[in-house]
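First comes the structure, then the notes that go with it.
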Amino acid sequence: MAVSENKLSDAVPAEQVTCFESGNEMAATAAAQINYHMMGYFPITPSTEVAQYLDQMKARGQHDIQLVAADGEHGSAGICYGAAMAGARVINATSSQGFLYMLEQLPTQSGTRFPMVLNLVTRAVSGPLDIRGDHSDLYYGLNTGWVILTASTPQAVYDMNIMALRIAEHSEVRLPVIVAYDGFFTSHQKRKVKYFKDNAIVQQFVGPNPNHAYANVSDPSRPVTIGAHMGGDDLLNNHYQLSEALEKAGEVYSEVAREYALLSGREYKVLDLYRMEDAEYALFLLNSAGETAKDTVDALRAKGIKAGLIRPNIIRPFPAEELRTALKNVKALLVGERADSYGAQGGNLTHEIRSALQIDPDNKTIILSRIFGLGGKDFYADDAAAFFQLAIDAAEQGSAEKPFDYYGYYPGEEKDALAPVIEPMHGNAYKTGLIQVTQNEETGLLKVKLPPLRQLTVKPHRLAPGHGACPGCGALSALELFFKGIEGDMVVLFQTGCAYVVTASYPYSSHKQTFVHNLFQNGAATLAGMVDAFYELKRRGEIQVSDDVTFVMVSGDGGMDIGMGATVGAALRNHKMIILEYDNEGYMNTGSQLSYSTPMGHMTSTSGVGTTQKGKKGHHKDTAQILAACNIPYVFTGVESNPQDLLQKAAKAQWYANNVGTAYGKILCACPLNWKTPDDQGNELVKAAVDSCFFPLYEIEQGITRITYNPEEKGKRIPAVDWLKRMGKTKHLVKDTELLQDFENEIERRWNRLKLRHENALL
Amino acid sequence: MSTLTKKNALGFFEIRLESIGGLGANLAGKMLAETGALELGFNAANFSSYGSEKKGSPVKTFVRFCDPEIEIRDHSPIEEPHLIAVFHEALYKIVNVASGLQPDGVVLVNTTRDFDDVRSSLKIESGTIALIDAMGIAVEERTKINTAMLGAMFRICDFLDPEAMRTVIRRTFEKKYPQLVEPNLRTFDRGYNEVEFKTYEVPEGSQIKPFKRVQSLLGYKTQLPGGVIAAQGNSILKDLGGSRAGLLPEFHAEKCINCAACDNVCPDYCFVWESAEDKRGRLQQVLRGIDYQYCKGCLKCVEACPSDALTSLREEPGYAELNRVTQVFC
């Protein structure tokens with residue numbers, strides 16, 4: 001039942017409002033209007049804003065979606081899957097590594113047939129890490145059994161988010177749906193966008209929640225088993241069902257798109273065919289690049305060249321039939337792809353187009369494949385012109401000289417190759433002999449003798465200046481101060497986070513000794529493998545190095561949420577290394593989202609303050625006590641405002657890491673940008689956090705707790721409000737006596753318990 | 001309905017804002033574009049250069065305006081703008097801020113310097129230079145420089161109605177911060193009224209100095225496989241002076257007690273020490289000064305200093321270069 005052009009223009013769309021917003025804002029707007037039940041999310045650039053906008057809207061009472069901050073994307077996918085099995089309507093957003101981290105959950109959800117909508121804000125997959133947009137994450141989604149829509153503009157992001165739920169919940173589909181749009185190009189560019197004035201219009205379009213009519217866990221009168229394991233006979237049949245449903249989703253897409261066009265006045269055909277009616281040379285491009293290239297098509301048409309462009313709105317199911325029709329008379333097609341299928345002589349979509357055409361015996365289209373625009377490398381109109389020229393040349397020659405290639409690569413010049421700028425320092429260069437650690441023969445506990453701190457300035461810095469941290473960054477000062485307490489060589493691994501991003505931005509490194517990055521959740525495991533391999537290589541005599549090389553894993557910005565599993569694993573195995581957490585009380589690297597270490601009531605970009613909520617719910621994570629429960633030899637807390645205390649702990653941590661096993665330390669660090677304070681206040685702020693007993697300084701050495709600085713005994717104790725009133729993120733808390741009391745009570749409870757432990761070696 | 005006075009081949013009037021993170025250029029670009037799009041009937045696009053840049057790092061914000069019937073399909077950064085607004089003057093040392101300016105384009109600079117001085121440091125051959133002391137206005141009105149810059153930009157974009165911007169300013173502040181409405185309106189108006197212009201004639205037959213896309217330093221033949229860097233510590237080659245937003249620490253050696261409190265809190269490792277004999281002939285570490293090449297002006301050291309040996313100073317051009325104590329990395 002095709003809707004004719006006339007009918008579409010005759011239809012009176014529902015009333016709409018024009019705004020000036022980005023793709024992420026529009027995904028959030030659609031979700032709020034639909035009023036999903038649940039979102040289980042985890043921050044990752046560039047999709048995080050979706051949760052942020054939803055949090056802001058929620059603080060203003062604009063929707064009721066339960067926003068659950070997960071412990072990682074794997075957890076977020078679990079939350080979403082669980083909610084879907086409960087029959088709830090579920091939304092999520094992620095990107096890149098986040099998508100890959102949840103990947104194992106995605107076929108589980110499609111194979112058990114629970115619909116939801118996932119916004120995939122496309123971004124390059126690591127490694128090396130790159131936060132900007134390409135389609136390498138999206139391509140991992142092609143085999144998951146999810147429907148995939150591709151939204152090329154902020155307007156399409158809004159529209160497709162509404163269409164997606166209808167498709168997902170359709171009785172003949174019942175599959176989860178991905179809405180994929182380009183990171184930054186679409187997620188962050190603001191354009192004029194129309195949205196429905198009345199949420200009821202959106203809710204009528206998606207209809208009432210149909211999930212209660214299908215198997216779910218929320219009806220005890222109809223108990224079900226979900227997820228029984230199968231053998232091949234059954235699994236093949238299950239997957240046949242899934243395959244049929246996914247094919248059906250293509251038809252359903254067209255129906256829903258037509259219906260939506262009547263409501264909105266905007267139609268998203270399976271293929272956006274731009275000037276393809278008589279085109280001889282064509283480009284196939286996904287999403288934003290497909291929009292950019294339209295200007296080039298116009299320019300070529302003005303010169304009399306029959307150029308055209310194909311940009312799909314849906315790639316799962318793959319629109320093979322529509323492509324065969326569109327390409328019937330095209331002499332040469334260039335498929336530009338923002339992700340490679342390494343070794344396959346073309347990205348995934350090149351091969352899908354080739355196999356679509358292979359069925360048509362009359363088709364003569366020459367196909368070229370080019371990998372371009374990786375990692376957010378910009379795509380300009382002149383790049384599109386170069387693509388067309390390649391297609392034209394191939395058509396004239398009757399074949400493609402180079403069917404597959406990368407586009408935009410550059411050899412570089414020998415003169416620019418990186419040359420060492422400083423003589424590498426190691427071993428004795430970092431041994432001052434000024435720090436002495438001795439073990440008490442009786443108690444087995446360590447004693448550290450430190451020189452006056454000015455004398456330690458003789459030791460070269462471990463980190464080099466010139467890094468890109470914000471002015472006044474508390475993490476970079478505290479890390480270097482801690483490193484001052486370590487003698488001899490170090491190998492450091494930073495998990496993803498601010499300290500990594502600002503000290504290792506290719507082609508620059510601010511690390512003087514060996515530095516490694518690994519992803520956000522896996523640093524402790526990676527360093528565990530590294531340190532054990534080091535000792536094994538040493539044992540076999542393959543390397544001749546001293547015994548006191550210290551391995552340090554550095555994490556922050558919420559890394560002790562997503563990385564907790566790997567950290568506990570490493571601690572339980574007791575590898576000879578230091579795990580160091582710079583705790584800045586949030587995911588500061590991705591724009592200040594709440595982490596579990598964010599204290600109660602503190603404002604972040606996902607724990608907003610408004611009429612319906614007052615900052616973060618629940619109290620801060622006590623990571624030091626979790627690690628203490630792993631019974632590792634040494635656990636400590638520290639701050640830069642007590643430098644002698646921190647350096648003594650660094651020296652002890654090194655001794656334990658070199659001689660016994662895992663040492664863990666948590667350093668509270670100010671983040672002026674996101675704590676909303678002046679740049680010069682960081683040192684004073686962590687001092688106030690300590691003096692208020694919010695962040696007590698203590699150590700747990702061989703199971704024995706000792707408070708190393710007691711503000712009460714020194715007459716320095718201050719009420720928490722004297723810390724809180726100095727930060728923009730807690731201004732509201734100061735005025736809220738009930739919330740403040742709750743916060744003070746929790747500080748007191750933890751502090752009193754700590755004092756008992758300090759007094760009793762058995763606790 | 002307003003009409004654009006200048007357009008490029010695609011029908012766009014294009015604006016590029018050059019700033020460092022934290023000065024509000026992103027917000028200014030958004031407010032400028034939103035006012036044109038929602039209040040004045042243009043079609044518009046607005047975005048910023050995104051990376052892992054933090055506060056204090058260079059950032060570009062882009063605004064495109066066109067007639068409402070034109071669809072904006074281009075996603076690429078603006079290379080040959082009609083207007084460039086430089087929020088942070090010191091940027092010219094690390095970024096070619098005026099790159100690609102149209103021959104009859106305008107460069108707006110937040111500065112207290114004079115036209116010829118700015119022209120020579122920004123290497124502008126022709127076009128109009130517009131100067132505004134946005135920092136001075138913001139300090140006097142206790143507002144942010146971005147509102148003063150917006151005022152000046154509205155004066156330059158004569159197709160934009162300043163009254164529409166005033167409406168947006170009222171709407172932005174009146175609910176949550178009503179006390180900020182009047183100072184911001186004053187700041188906007190002062191930016192609008194106080195901006196000064198000087199046009200340098202376009203030489204006969206002059207063309208746009210084509211924008212040069214930045215080529216990566218390394219290529220596939222010169223990158224080590226796997227992205228490994230074997231030049232440890234090479235970030236010392238960078239100059240971070242451009243990250244300072246106007247203040248820096250001044251060192252008074254005579255008051256220094258060499259306690260290292262500054263060194264312990266400095267996130268940028270700027271303090272330079274030397275071994276020297278004290279009065280009793282013992283070898284001691286002595287603070288020699290500050291390596292301003294890396295100082296971002298956070299002033300944590302001033303807060304930490306117990307002896308007034310470090311004080312806050314409003315940075316004058318040339319001070320940092322003159323008083324820098326160079327670190328020796330060995």
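By convention in this document, chain letters (A, B, ...) are assigned in the order of the sequence lines, proteins followed by strands, and residues within each chain are numbered from 1.
- Interface remark: A/Pro411 contributes backbone and side-chain atoms alike to the contact with chain B (heavy atom separation under 4.5 Å).
- Only the backbone of A/Ser152 comes within contact range of chain B, with heavy atoms under 4.5 Å apart.
- In this model, no donor atom of one side chain and acceptor atom of the other lie less than 3.5 Å apart for B/Ser48 and A/His188.
- For residues 474-481 of chain A, a heavy-atom distance under 4.5 Å to chain B picks out A/Gly474, A/Leu476, A/Ser477, A/Glu480, A/Leu481, given by residue number.
- When heavy atoms are compared at a cutoff of 4.5 Å, A/Glu21 does not approach chain B at all.
- The contact between B/Ser216 and chain A is made by backbone and side chain atoms together, counting heavy-atom distances below 4.5 Å.
- Contact of B/Arg213 with chain A is made through the side chain alone, with heavy-atom distances under 4.5 Å.
- In this structure, the portion of A/Leu673 lying under 4.5 Å from any heavy atom of chain B is its side chain and not its backbone.
- With a threshold of 4.5 angstrom between heavy atoms, B/Gln293 does not approach chain A through any atom at all.
- For the set B/Ala304, B/Ser76, B/Pro267, the count of heavy-atom pairs under 4.5 angstrom toward chain A peaks at B/Pro267.
- Looking at B/Leu283, there are no atoms closer than 4.5 Å to chain A (heavy atoms on both sides), in backbone or side chain.
- For a residue to count as touching a neighbouring chain, one of its non-hydrogen atoms must lie under 4.5 Å from one of that chain's; by this rule A/Asp295 touches chain B with backbone and side chain alike.
- A/Glu640 touches chain B through its side chain: at least one heavy atom from C-beta onward sits under 4.5 Å away, while N, CA, C and O do not.
- Looking at A/Pro424, neither its backbone nor its side chain comes within 4.5 Å of chain B, counting heavy atoms on both sides.
- Using a 4.5 Å cut-off between heavy atoms, B/Gln223 contacts chain A through both its backbone and its side chain.
- Taking chain A as the reference chain and counting heavy-atom pairs below 4.5 Å, the highest number among B/Leu224, B/Val228, B/Asn264, B/Asn43 is found for B/Asn264.
- For A/Asp182, no part lies near chain B; criterion is any non-hydrogen pair under 4.5 Å.
- When each of B/Trp273, B/Phe271, B/Phe47, B/Tyr220 is scored by its heavy-atom pairs under 4.5 Å with chain A, the top score falls to B/Tyr220.
- Residue A/Leu456 does not touch chain B at all, counting heavy-atom pairs closer than 4.5 Å.
- Looking at B/Leu10, the atoms closer than 4.5 Å to chain A (heavy atoms on both sides) all sit in the side chain, from C-beta outward.
- When the candidates B/Cys270, B/Cys298, B/Cys295, B/Ser235 are compared by the number of heavy-atom contacts under 4.5 Å with chain A, B/Ser235 comes out ahead.
- Interface check for chain A: of the options B/Ala260, B/Ala44, B/Ala230, the most heavy-atom pairs under 4.5 Å are formed by B/Ala44.
- Using a 4.5 Å cut-off between heavy atoms, A/Asn287 makes no contact with chain B at all.
- Looking at A/Ala469, the atoms closer than 4.5 Å to chain B (heavy atoms on both sides) sit in the backbone and in the side chain alike.
- Among B/Lys221, B/Lys300, B/Lys238, the residue with the largest count of heavy-atom pairs under 4.5 Å with chain A is B/Lys300.
- Heavy atoms closer than 4.5 Å to chain A are found in the side chain of B/Leu240, but not in its backbone.
- Both the backbone and the side chain of A/Phe185 have a heavy atom closer than 4.5 Å to some heavy atom of chain B.
- In this structure, chain B has no heavy atom under 4.5 Å from any part of A/Thr45.
- In this structure, chain A has a heavy atom under 4.5 Å from the side chain of B/Tyr294, while its backbone stays farther away.
- In this structure, chain B has heavy atoms under 4.5 Å from both the backbone and the side chain of A/Gln455.
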